[in-house]
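Notes to accompany the following structure.
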Amino acid sequence: MTPDTTPDRAPGNAARTAAEVDSGAAAGTAAEIAGLPLAEFAFPGPLRDQLVAAILDGSKTSTTGLVVDYAHDGDPLPVVGGRAVVVDSTGVGVAVIETTACRVVPLAEVDLAHAIDEGEGYTSVAEWRAGHESFWHSAAMRQALEDPDFTVDDTTEAVLERFRLVADLR
């Protein structure tokens with residue numbers, strides 16, 4: 001997911017696990033995380049790098065995906081206590097995160113606390129929404145969803161996930 005603005009969850013990571021990526025972790029830690037699913041934020045590139053840095057510095061503790069994206073990829077929705085390996089733009093595992101809360105709401109019900117906790121500097125829900133819509137309506141996202149006319153509206157179901165940093169693997 002590439003445009004200069006957000007959402008975080010990258011499509012297409014259903015079948016990949018941490019065993020398939022490089023990790024900066026020590027051998028013991030690498031063995032422990034090998035079976036975890038991947039958390040790919042945005043598409044590889046500057047946006048992913050920005051989001052991963054925000055996770056690593058603790059300013060990003062929430063993320064937003066779309067139910068349609070999870071369904072398209074055959075991915076289960078996040079579950080509380082579930083862990084995943086965050087990968088950087090080069091595919092290296094740099095962190096482990098754990099889901100602390102997850103809810104599905106229409107886009108019209110996304111709250112300010114969630115928007116702020118995404119760690120991208122949003123100060124209003126309208127600003128958050130504009131940034132995310134830019135991303136969701138991008139050519140890259142439409143291609144990933146295999147729908148050239150994809151669009152969101154107030155009723156589009158969003159997956160609001162909160163997480164905590166469990167391990168820095170750098």
Side-chain angles (χ1 to χ4, degrees), residues 1-14 16-30 32-34 36-66 69-70 73 75 77-78 80-103 110-141 143-144 158-170:
M1 311 189 162
T2 306
D4 295 327
T5 53
T6 207
D8 311 328
R9 185 183 178 281
N13 65 352
R16 297 182 65 208
T17 66
E20 299 172 274
V21 299
D22 291 330
S23 171
T29 306
E32 292 170 14
I33 66 168
L36 294 177
L38 298 183
E40 296 179 278
F41 290 79
F43 293 111
L47 178 58
R48 179 177 289 178
D49 296 338
Q50 172 192 338
L51 298 172
V52 169
I55 291 167
L56 291 167
D57 75 18
S59 61
K60 180 172 186 57
T61 59
S62 73
T63 190
T64 306
L66 297 177
D69 186 15
Y70 282 88
D73 295 342
D75 288 343
L77 296 182
V80 173
R83 292 184 174 192
V85 175
V86 176
V87 296
D88 66 13
S89 288
T90 64
V92 173
V94 295
V96 175
I97 57 172
E98 179 179 81
T99 301
T100 59
C102 183
R103 60 191 170 114
V110 173
D111 58 271
L112 182 58
H114 179 82
I116 290 170
D117 291 346
E118 284 206 2
E120 297 175 61
Y122 297 119
T123 58
S124 72
V125 173
E127 184 181 20
W128 171 91
R129 176 87 177 248
H132 281 67
E133 282 193 17
S134 176
F135 178 80
W136 288 322
H137 295 159
S138 70
M141 184 66 176
Q143 180 180 0
V159 180
L160 307 184
E161 180 183 6
R162 292 190 168 280
F163 57 85
R164 69 183 184 95
L165 179 64
V166 175
D168 184 331
L169 304 178
R170 294 173 296 169

Which atom pair, heavy atoms only, marks the closest approach of Ala101 to Val80? CA-CG2, 3.8 Å

Phe41 and Ile97, any side-chain heavy atoms less than 4.5 Å apart: yes

Expected output: side-chain Lys60 to main-chain Glu118 donor-acceptor under 3.5 Å: yes

Just one of Thr63, Thr99, Thr64 clears the side-chain hydrogen bond (donor to acceptor under 3.5 Å, both in side chains) bar with Glu161, so which one? Thr99

For the student: nearest non-hydrogen atoms of Leu165 and Ile55, plus distance: CD2-O, 3.9 Å

With side chains defined as the heavy atoms from C-beta onward, is the minimum distance between Val92 and Val87 less than 4.5 Å? no

Run the numbers on Val52 and Val94 for side-chain contact (heavy atoms from CB on, under 4.5 Å), then give the verdict. CA-CA 8 Å; Val52 169; Val94 295; 3.5 Å; yes

Under 3.5 Å side-chain donor-acceptor pair for Trp136 and His132: no

Listed by chain and number, what are the side chain to side chain donor-acceptor pair (under 3.5 Å) partners of Glu127, not counting sequence neighbours? Thr123

Is a side-chain N or O of Asp73 found less than 3.5 angstrom from the main chain of Asp75, in a donor-acceptor match? no

Taking all non-hydrogen atoms of both residues, which atom of Gly93 and which atom of Val85 are closest, and how far apart? CA-CG1, 3.7 Å

Could you check whether any side-chain N or O of Ser89 sits under 3.5 Å from a backbone N or O of Gly45, counting only pairs where one atom can act as donor and the other as acceptor? yes

Is there a side-chain contact between Glu120 and Leu51 in this structure, where contact means two heavy atoms from C-beta onward sitting under 4.5 Å apart? yes

Could you go step by step and tell me if Ile116 and Tyr122 meet the side-chain contact (heavy atoms from CB on, under 4.5 Å) rule? CA-CA 6 Å; Ile116 290 170; Tyr122 297 119; 5.7 Å; no

Measure across Ser124 and Leu112 and return the closest heavy-atom pair with its distance rounded to 0.1 Å. CA-CD1, 3.7 Å

What pairs with Arg129 under side chain to side chain donor-acceptor pair (under 3.5 Å), at least two apart in sequence or on another chain? Glu133, Asp154

Any side-chain heavy-atom pair from Cys102 and Val159 closer than 4.5 angstrom? yes

Ser62 side-chain N/O to His114 backbone N/O, donor-acceptor pair under 3.5 Å: yes

Please determine if Asp117 and Arg162 form a salt bridge, counting it only when a charged side-chain N lies under 4.0 Å from a carboxylate O. yes

For the residue pair Tyr70 and Pro78, establish whether any side-chain heavy-atom pair is separated by less than 4.5 Å. yes

Apply side-chain contact (heavy atoms from CB on, under 4.5 Å) to residues Asp69 and Met141 and explain how you reach the verdict. CA-CA 9 Å; Asp69 186 15; Met141 184 66 176; 3.9 Å; yes

